[in-house]
Chemist: 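Handing you this structure, nothing more for now.
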Amino acid sequence: MITSADLEKIPLFAGVEEQERRRLARRAADIHLEPGEWLAREGEEPRFFVILDGELDAIKDIVGQRRVLGRSVAGMFSGETPIFMGTANIVSVRAVTKCRVARFERQQLQELVRDSPSAGEIIFSTMTQRFGMAQQLARDTPSSRVRIAGSKYDHNCRAIRAFLSANRIQYDYEWPPEPPEAETITTAFVEGREVETPTVRSVAEALGFQTIPKHSRYDIIIAGAGPAGMAAAVYSASEGLKVLLVERFAAGGQAGTSSCIENYLGFPAGISGDELTERALKQVKHFGVEMLVKRNIEEVQSLDDGHCVTLDGGDRISASVLLLTTGVSWHRLEFEGHDDLLGRGIIYGASRFDGIAVTGRRIFIIGGGNSAGQAAVFYSGYAAEVIMLVRGAGLAQTMSQYLIQQIHDKANIRVEPYTQVTAVLGEDHLEQITTTSRPPDVPESTCTRDAKALFIMTGAVAKTHWLPPSLERDANGYICTGRDISTWSLDREPFALETSIPGIFCAGDVRHGSVKRVASSVGEGSMSIAFIHEYLALTDTGPQGSV
């Protein structure tokens, strides 16, 4: 319990009257921390902390890298800046030694400043110093961690840049003014150090991404780090399961490419797929989930005590349970010039990082669903003209009404129904597209127009060919679960999200009959862990724990 005597030792309270100190002490929470424990996390609701004993570090993720900004010791305080600025926590705070901290709510800090001029002067003077430190930090922080040089025409160079963009890693890109037929060598520097023979995987490893599993067995292996997979990882790890999350490219899935998700509960102003993914990844790391990036599961074998998966490169790992949350891929279109300009103006999905690149230009979006609508609204703030190409009669049957209204209210968005792309033109980058319109009872028409970018967001494909033939799928490759299974080998009924192979579960967009929404995927991923716990109890397989 915090006492007036505890606060009296702190310089901040030296000028505070005894009666006020007693009142503040009664309202303070007495927080004890072991070394390595977190007092506060970046992005959380702020609180005002006064350090009574011990040392703590202020930590912030800057350009995708964790940095220690400073150390606080007994007698110091923190948390006042985000409270007075009306923001979430700006930094995270972690104990270096055993610590004792007095925690105050926003109201107590405001009352302290109001009722004690001396304390208010100390607090605002400290805030001024911290703003000065922030200015120096901004000057000293590099704008990017990676520098790449290579040909625009080199597939490996484009693949590295695509990986960095998808994983929200800022980079600088330089290209030599060579003709298309010239041969150049791609070079990559991470944190100023050159990556030998740069590939997507070697650059990922240089950035600190984990690509090799630490153990040979886990309680649960989760295939796919979309919303369903990350939700499952958070819930399972928080409940003591030993979890491995395997992602072939970048966390977030299709949701991670959404420029703005406005109908997700709890975010009235909307949230981008990038930001939602970044927050989810922080939770995944917080609960100690082991996550492999840029690895594929190539084979699954069922064993007496679980399942064994083989990763690309030959690594074999096993688990009591396998959860499939691989999501779906954009339906790939075919038209003249597609393959030549893919990644050079033709982009599947959308990202906030593309906004600046299309400033003042004309862009086209293929698709009439919510993802296409969100992208159109977002890019309308940058592009001079956004043209949505829809195969059907319009948006009413495929898009939420709130998005249709927003598109209607944007003067620089135009919807062209009954229209398809038939060809694209360009040398090193997309320059023009050719479209054909086929409205009912009207002669077909074709036109070619200038275009800076073509974003494709049409349909979805379930890529499940790598799974065992005995795992039941529907005609389109989506995985059947629960009551949709036609063949079952055990006396008990399958769990609601269990596949036709006992102990292999499925959640999210890749599941037959799922609702293709972010909230639904998060819900299924979370719910799957309840069924997995029941399965583990039936099979008498306890958590592996730390090894």
Chemist: May I ask you to decide if Leu403's main-chain N or O and Ser400's side chain share a donor-acceptor pair within less than 3.5 Å?
Modeler: no

Chemist: Closer than 3.5 angstrom, by distance alone: can the side chain of Glu524 be matched with the main-chain N or O of Gly508 as a donor-acceptor pair?
Modeler: yes

Chemist: Using the side chain to side chain contact (heavy atoms under 4.5 Å, CB included) rule, take Leu311 and Ile297 through it: C-alpha gap first, then chi angles, then the decisive distance, then the call.
Modeler: CA-CA 4 Å; Leu311 304 177; Ile297 297 178; 3.7 Å; yes

Chemist: Within the side chain of Ser526, is there an N or O that forms a donor-acceptor pair under 3.5 Å with the backbone of Ala232?
Modeler: no

Chemist: Rounded at 0.5 Å granularity, tell me how far CG in Asn412 sits from OH in Tyr379.
Modeler: 14.0 Å

Chemist: Rounded to the nearest 0.5 Å, how far apart are CG of Leu333 and CG of Leu454?
Modeler: 8.5 Å

Chemist: Just say parallel, tilted or perpendicular for the rings of Phe48 and Phe104, cut-offs at 30° and 60°.
Modeler: tilted

Chemist: Which residues satisfy the side-chain contact (heavy atoms from CB on, under 4.5 Å) test with Lys463, sequence neighbours excluded?
Modeler: Ser329, Val461, His465

Chemist: Do Met457 and Trp330 come within less than 4.5 Å of each other through their side chains, counting heavy atoms only?
Modeler: yes

Chemist: Would you name the heavy atoms of Gly252 and Pro227 that are closest together and state the gap between them?
Modeler: O-CD, 3.6 Å

Chemist: Which heavy atom in Ile221 sits nearest to a heavy atom in Ala319, and how many Å separate them?
Modeler: CG1-CB, 3.5 Å

Chemist: For the pair Ser514 (side chain) and His512 (backbone), establish whether a donor and an acceptor sit closer than 3.5 Å, ignoring hydrogens and angles.
Modeler: no

Chemist: Could you check whether atom CG of Leu265 has more than 12 heavy atoms from other residues, nucleotides or ligands sitting under 6.0 Å from it?
Modeler: no

Chemist: Got a donor-acceptor contact below 3.5 angstrom from the Arg473 side chain to the Thr464 backbone?
Modeler: yes

Chemist: Between the side chains of Arg316 and Ser216, does any donor sit under 3.5 Å from an acceptor?
Modeler: no

Chemist: How are the rings of Phe378 and Tyr382 set relative to one another: parallel (under 30°), tilted (30 to 60°) or perpendicular (over 60°)?
Modeler: tilted

Chemist: Can you tell me if Thr398 uses its side chain to pair, donor with acceptor, with the backbone of Gly368 under 3.5 Å?
Modeler: yes

Chemist: Check the pair Arg248, Thr326 against side chain to side chain contact (heavy atoms under 4.5 Å, CB included), reporting the backbone distance first and the verdict last.
Modeler: CA-CA 9 Å; Arg248 65 181 180 83; Thr326 52; over 6 Å; no

Chemist: Answer whether the closest heavy-atom distance between the side chains of Val377 and Ile407 falls below 4.5 Å.
Modeler: yes

Chemist: Within a reach of under 6.0 Å around CZ of Arg361, are more than 12 heavy atoms found that belong to other residues, nucleotides or ligands?
Modeler: no

Chemist: Answer yes or no on whether Lys516 is positioned over the face of Tyr478, meaning its NZ or CZ is under 6.0 Å from the six-membered ring centre and within 45° of the axis.
Modeler: yes

Chemist: Decide, yes or no, whether a salt bridge links Glu37 with Arg94 under the criterion of side-chain N to carboxylate O below 4.0 Å.
Modeler: no

Chemist: May I ask you to decide whether Arg106 forms a salt bridge with Glu45, counting only side-chain N to carboxylate O separations under 4.0 Å?
Modeler: yes

Chemist: Looking only at atom types and distance, does a side-chain atom of Glu247 sit under 3.5 Å from a main-chain N or O of Ala250, one as donor and one as acceptor?
Modeler: yes

Chemist: If you measure only the distance, is there a donor-acceptor pair under 3.5 Å linking the side chains of Glu472 and Ser486?
Modeler: yes

Chemist: Heavy atoms, side chains only, cut-off 4.5 Å: are Asn263 and Asn370 in contact?
Modeler: yes

Chemist: Thinking salt bridges, do Arg332 and Asp339 make one under a 4.0 Å N-O criterion?
Modeler: yes

Chemist: Of all the heavy-atom pairs spanning Ala460 and Val328, show the shortest one and how long it is.
Modeler: CB-CG2, 3.6 Å

Chemist: Can you give me the closest heavy-atom contact between Val293 and Thr211, atom names plus distance?
Modeler: O-CG2, 3.4 Å

Chemist: Starting at CD1 of Ile501, measure out to CG of Leu471 and round the result to the nearest 0.5 Å.
Modeler: 4.5 Å

Chemist: For residues Ser92 and Arg41, is any side-chain donor paired with an opposing acceptor at under 3.5 Å?
Modeler: no

Chemist: Quick one: closest heavy-atom pair of Arg517 and Asp509, and the distance?
Modeler: N-OD1, 4.3 Å

Chemist: Spell out, as yes or no, whether a donor-acceptor pair under 3.5 Å connects the side chain of Ser500 to the backbone of Ser470.
Modeler: yes

Chemist: Could you tell me if the side chain of Tyr264 sits less than 4.5 Å from the side chain of Val522, heavy atoms only?
Modeler: yes

Chemist: Let me confirm one number: the CD1-OG distance from Ile532 to Ser320, rounded to the nearest 0.5 Å.
Modeler: 10.5 Å

Chemist: Are the side chains of Leu241 and His533 in contact, using a 4.5 Å heavy-atom criterion?
Modeler: yes

Chemist: Are any non-hydrogen side-chain atoms of Val309 and Val246 less than 4.5 angstrom apart?
Modeler: no

Chemist: Dump the intermediate steps for side chain to side chain contact (heavy atoms under 4.5 Å, CB included) on Arg295 and Asp312, then the final yes or no.
Modeler: CA-CA 6 Å; Arg295 298 301 298 270; Asp312 57 310; 3.2 Å; yes

Chemist: Quick one: do Gln405 and His408 satisfy side chain to side chain contact (heavy atoms under 4.5 Å, CB included)? Show the steps, please.
Modeler: CA-CA 5 Å; Gln405 185 60 50; His408 179 269; 3.9 Å; yes

Chemist: Would you say the side chain of Lys410 lies within less than 4.5 Å of the side chain of Gln406, judging by non-hydrogen atoms?
Modeler: no

Chemist: How long is the span from the NE2 atom in His307 to the CG atom in Leu322, to the nearest 0.5 Å?
Modeler: 6.5 Å

Chemist: For Pro46 and Asn89, which heavy atoms make the closest approach, and how far apart are they?
Modeler: CA-OD1, 3.1 Å

Chemist: Is any side-chain N of the basic residue among Arg492 and Glu498 closer than 4.0 Å to the acidic one's carboxylate O?
Modeler: yes

Chemist: Can any side-chain N or O of Lys452 pair as donor or acceptor with the backbone N or O of Thr359 at less than 3.5 Å?
Modeler: no

Chemist: Is it the case that more than 12 heavy atoms not belonging to Tyr235 sit under 6.0 Å from its OH atom?
Modeler: no

Chemist: Using the side-chain contact (heavy atoms from CB on, under 4.5 Å) criterion, which residues pair with Glu290? Sequence neighbours excluded.
Modeler: Gln210, Pro213, Lys214, His215, Tyr218, Leu244

Chemist: Got a second to check how far Cys480's SG is from Arg511's CZ, nearest 0.5 Å?
Modeler: 10.0 Å

Chemist: Using ring centroids (six-membered ring only for Trp), state whether Phe163 and Phe209 fall under 6.0 Å.
Modeler: yes

Chemist: Side chains of Met388 and Met399: closer than 4.5 Å at any heavy-atom pair?
Modeler: yes

